[in-house]
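Take a look at the structure set out below.
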There are 2 protein chains.
Amino acid sequence: MTNPSEILVIDDERQIRKLLEITLQSNGYAFAEASTSRDGLVAAATKPPDLIILDLGLPDENGQTTLKKLREWCGRPVIILSVYNNEENIVHALDSGANDYLIKPFRTGELLARIRSALRTNSTKGESPVLHCKGFEIDLLSRTVRKNNEMVRLTSTQYELLALFAKNVGKVLTHHYILREIWGQDFTDQLQYLRVFIAQLRKKIEVDPNRPEYLVTESGVGYRFVA
Amino acid sequence: MTNPSEILVIDDERQIRKLLEITLQSNGYAFAEASTSRDGLVAAATKPPDLIILDLGLPDENGQTTLKKLREWCGRPVIILSVYNNEENIVHALDSGANDYLIKPFRTGELLARIRSALRTNSTKGESPVLHCKGFEIDLLSRTVRKNNEMVRLTSTQYELLALFAKNVGKVLTHHYILREIWGQDFTDQLQYLRVFIAQLRKKIEVDPNRPEYLVTESGVGYRFVA
DNA sequence: TATATTTTTTATAATAATATAACAATGACC
DNA sequence: GGTCATTGTTATATTATTATAAAAAATATA
């Protein structure tokens, strides 16, 4: 038989965690827990679970922010548990990448069914918060980049750009797309920004910036990160 | 990519269908509808939508049964809309393959967010559209061309041209048609452009450019890509 | 506030892709 | 074979695109 799906519960209420531990384990799931946003992110990164149950009302950080940070590198299904029943919160959470949103107090049977549903659709997609390609190691959690185990110091925008490429290895990313992703909708015609930052990145990651082997130009279309 | 996602609404209440039609269309979705289980299944089969919204209280058949029949062949996300708020119905529907379950009356903003969420998870399983013909592999998403697993570097126009041929394997494409597709309406008489680029392509993809086996000339008419 | 860092602008050099013309090759037809 | 219409090839001018440096502005840091 296959080993059980692991579910990470991030919630600050001890009772909820205990309740979920019993419920989940008696239904054949492996259980992991965290009581703060920070611990939750670390737990998700160090031992990637198959599904995450996230409370919106965490003590150290807004749950929506946690969700967004998580979604930068983690594609596993996330079910939100929250006392907030207002539409704004629900829409925001779902648009930040949540797969489902349940109001507390919840019915355990319904939660289990929603867990099964989420695991069903998103079943085969193991990933890690660290992207490896060629000699590169891009840690999406700590936002650091290593090339052949040596740290590469990048500015915020340079990092965003490289991470975007690393998530789309081999594909041509159009100027328009890159500008929208990094700078936003209003900057899609600022092609020059992109050129400058591509040059900066090349200077930092290419052996010979004049003859790029990673960040390749696709003239008239965009750029491509080759593997 | 650019054409709107189509959503099929299966509900017997005319007002709900009308409401959803307006809501969905004003949010950029294509709308299709059915008022009975039977019609819904036929509609889903004849013109597969990207997502299905299914009411559980249909006149001709139990919604749960409809869902099961649908799931026998259809993998697209299904969101249940129902007046039943009891756990048994919810669990049953989710276990029958529904992706989400919303209670009527519902908040349109929330429904739209749940639609986005459902479409997101099911669309990122991105099988990139790759054209295969003979030893060729043309990946339309990443704009890459491989011949016998070796990358072929093409300029923008060369790629567009080859992709056009690959999408129409075996068909004769007239000079006029090709020029209009690649260069635009104003260039349909620039036959010479085409000759030059055909020559360039042949140099890159043919074994013997003098005796083309892929890009064949149809004298007086145009060119054909043979498979 | 001073200082360093990063991003945005501007200017210009370098490169690549395309358009165009001139000529060569092919094949149909007489 | 010779003529004509069509197609293929190559070289080069033109245009478009990209790279890079360096200054100015904005932002963060001490």
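The figures that follow rest on heavy atoms only: side chains count, while hydrogens, waters and symmetry mates do not. Numbered from 1 within each chain, the chains take letters A, B, ... in sequence-line order. Just so you know, these numbers come straight off a predicted model, no measurement behind them.
- Rounded to whole angstrom, the span from the CD atom of A:E218 across to the C1' atom of D:dT17 amounts to 13 Å.
- Nearest to the side-chain atoms of A:H175 among the listed nucleotides C:dA19, D:dT18, D:dT7 stands D:dT18.
- For B:Q190, taking side-chain heavy atoms from C-beta onward, the closest of the listed nucleotides C:dA19, C:dT7, C:dT20 is C:dT20.
- For B:T155, taking side-chain heavy atoms from C-beta onward, the closest of the listed nucleotides C:dA19, C:dA17, D:dT9 is C:dA17.
- Counting only heavy atoms from C-beta on, A:V196 has its side chain closest to C:dT9 among C:dT7, D:dT18, C:dT9.
- With D:dT7, D:dG8, D:dT18 as the choices, the nucleotide that has an atom nearest any side-chain atom of B:R202 turns out to be D:dG8.
- Regarding A:R195, its CZ atom lies at a distance of 14 Å from the P atom of C:dA16, rounded to whole Å.
- On a pure distance criterion of 3.5 Å, a polar donor-acceptor pair joins the side chain of B:Q192 and the base of D:dT9.
- A:T174 and B:R143 share no side-chain donor-acceptor pair at under 3.5 Å.
- For the pair B:Y223 and D:dG8, the criterion of a side-chain N or O lying under 4.0 Å from OP1 or OP2 is met.
- Considering all non-hydrogen atoms of both residues, A:F225 and A:C133 come closest at CE2-SG, 3.7 Å.
- The nucleotide whose nearest atom lies closest to any side-chain atom of A:L191 is, among C:dA19, D:dT18, C:dT8, D:dT18.
- Heavy-atom contacts from other residues, nucleotides or ligands closer than 6.0 Å to CZ of B:F106 number more than 12.
- Checked against C:dA19, D:dT18, D:dG8, the side chain of B:F197 finds its nearest nucleotide in C:dA19.
- Using a 4.0 Å heavy-atom criterion, one finds that A:F187 contacts no nucleic acid atom at all.
- In this structure, B:Q200 places its CD atom 8 Å from C1' of C:dT18, rounding to the nearest Å.
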